[in-house]
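See below for the structure under consideration.
In what follows, every heavy atom counts, from backbone to side chain, and hydrogens, waters and symmetry copies are set aside. Throughout, residue positions are numbered sequentially from 1 according to the sequence presented. Both counts, for ligands and for their atoms, begin at 1 and track the order of listing.
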Amino acid sequence: MDYLAFIEQQIAELRSTIGGNVAINALSGGVDSSVVTALGHRAVGDQLRTVFIDNALMREGEPQRIVEAFAGMGIPVELVDARRKFLAALKGLTDPEAKRQAITDTFYQDVFGELVRKTGAKFLLHGTILTDIEETVAGIKRQHNILAQLGIDPEKQYGYRVLEPLATLRKDGVREVAKVLGMPESIYRRIPFPGPALAARIVGEVTEERLATVRAATVVVEEELADSGAFQYLAVLLNDFTTGIRDGKREFGQIIVVRCIDSVDARTATAVEVPWGKLHRICERITSIPGVNRCLYDLTPKPPATVEYV
Ligand code: XMP
């Protein structure tokens, strides 16, 4: 594929569709929304307002890190603190689809809706890729970012039009586009991270406390597996308590699952043979997180499992 031609075509299309209007996009820091941000700014410059919504579900230090990285590329990103709203919407929910729905609704109707009204934006740029569409249409999972494919008209429902310039690409294609756009490696080499963020890695209720646990485990996994060359690695908090023993006393602790996979485009995946010594080190560090007394390594390929747990 000629990625340069793809880029030029998408920029031209965005420019003519957006015209003199204001467009808005939410940057998550993942490669998809990062590429959309760069394409959008090349197309319409300041007419595109890029926001980073802190939904309380982010990794350690992520909001600040992303805003700084884009400032380094000359792209201003506004940080919006919506942590309370998302936590309130997720309170008491345990069903995976209900959790995803709550995140979608809070994002589009509440937080984004308000920003759209404030900015007068007529267009929303979104980093939907082909795999998202295929899996949603196939009913495998409801990706949080699919609207039109589910028969939802965002113009009617939310008052803006969604533009998806990456809808014909898969993850490997998006990375190529990022490279051709001259984005830093720290962005296009990033491992994929789901839209629902750490909520996709908490089985059961998402609370501040449980987020802190999975966030701490994520720091460990990302540090320890950074040089693994794997497609993606993650930590998941299960919803069970198991018996353990600490300082000579019985304790009921939580369980963290570590997943490290090889994949080309996330449609299928296999578990990486992580060296035993590395797994021991990860286990030791994860079971030092308060309240966690068990650490498991997931060997399941996709299919039958998916990458994320929720
Ligand atoms: P699954 O869990 O569906 O994940 O096997 C496949 C790839 O997609 C990422 N993922 C998501 N990305 N919104 C996204 O933007 C989502 O709702 C979502 N769910 C999963 C996941 O991290 C993996 O790389």
Pick whichever of Gln232, Lys302, Arg259, Arg201 has a heavy atom sitting closest to atom 23 (C) of ligand 1. Gln232
Short side-chain donor-acceptor distance under 3.5 Å, Asn25 and Thr50: yes
Is it true that Ala200 lies under 4.0 Å from ligand 1, counting heavy atoms only? no
Is there a nitrogen or oxygen of Phe231 sitting under 3.5 Å from a nitrogen or oxygen of ligand 1? no
If you define the side chain from C-beta out and look only at heavy atoms, does anything of Thr270 sit under 4.5 Å from Lys302? no
Considering distance alone, does some N or O of Phe193 sit under 3.5 Å from an N or O of ligand 1? no
Between Arg259 and Tyr233, is NZ or CZ placed under 6.0 angstrom from the six-membered ring centre and within 45° of the ring axis? no
Under 4.0 Å from a heavy atom of Glu135: give me the atoms of ligand 1 that qualify, with their elements. 3 (O)
Look at ligand 1 and say whether Arg267 reaches it with a heavy atom at a distance under 4.0 Å. no
Option whose closest heavy atom lies nearest to atom 19 (N) of ligand 1, chosen from Arg100, His126, Lys171: Arg100
Backbone, side chain, both or neither: what part of Pro192 comes under 4.0 angstrom of ligand 1, heavy atoms only? side chain
Going from CZ on Phe252 to CG on Asn293, what distance comes out if it is rounded to the nearest 0.5 angstrom? 9.5 Å
Indicate yes or no: at least one non-hydrogen side-chain atom of Phe193 is less than 4.5 angstrom from one of Arg201. yes
For Arg267 and Thr131: C-alpha separation, side-chain torsions, deciding distance, then whether side-chain hydrogen bond (donor to acceptor under 3.5 Å, both in side chains) applies. CA-CA 7 Å; Arg267 281 187 299 171; Thr131 319; 5.4 Å; no
Kindly determine whether Leu169 and Met1 satisfy side-chain contact (heavy atoms from CB on, under 4.5 Å), including the steps that lead there. CA-CA 10 Å; Leu169 301 180; Met1 177 161 176; 3.8 Å; yes
At less than 4.0 angstrom from any non-hydrogen atom of Pro196, what atoms of ligand 1 do you find? 13 (N), 16 (C), 17 (O)
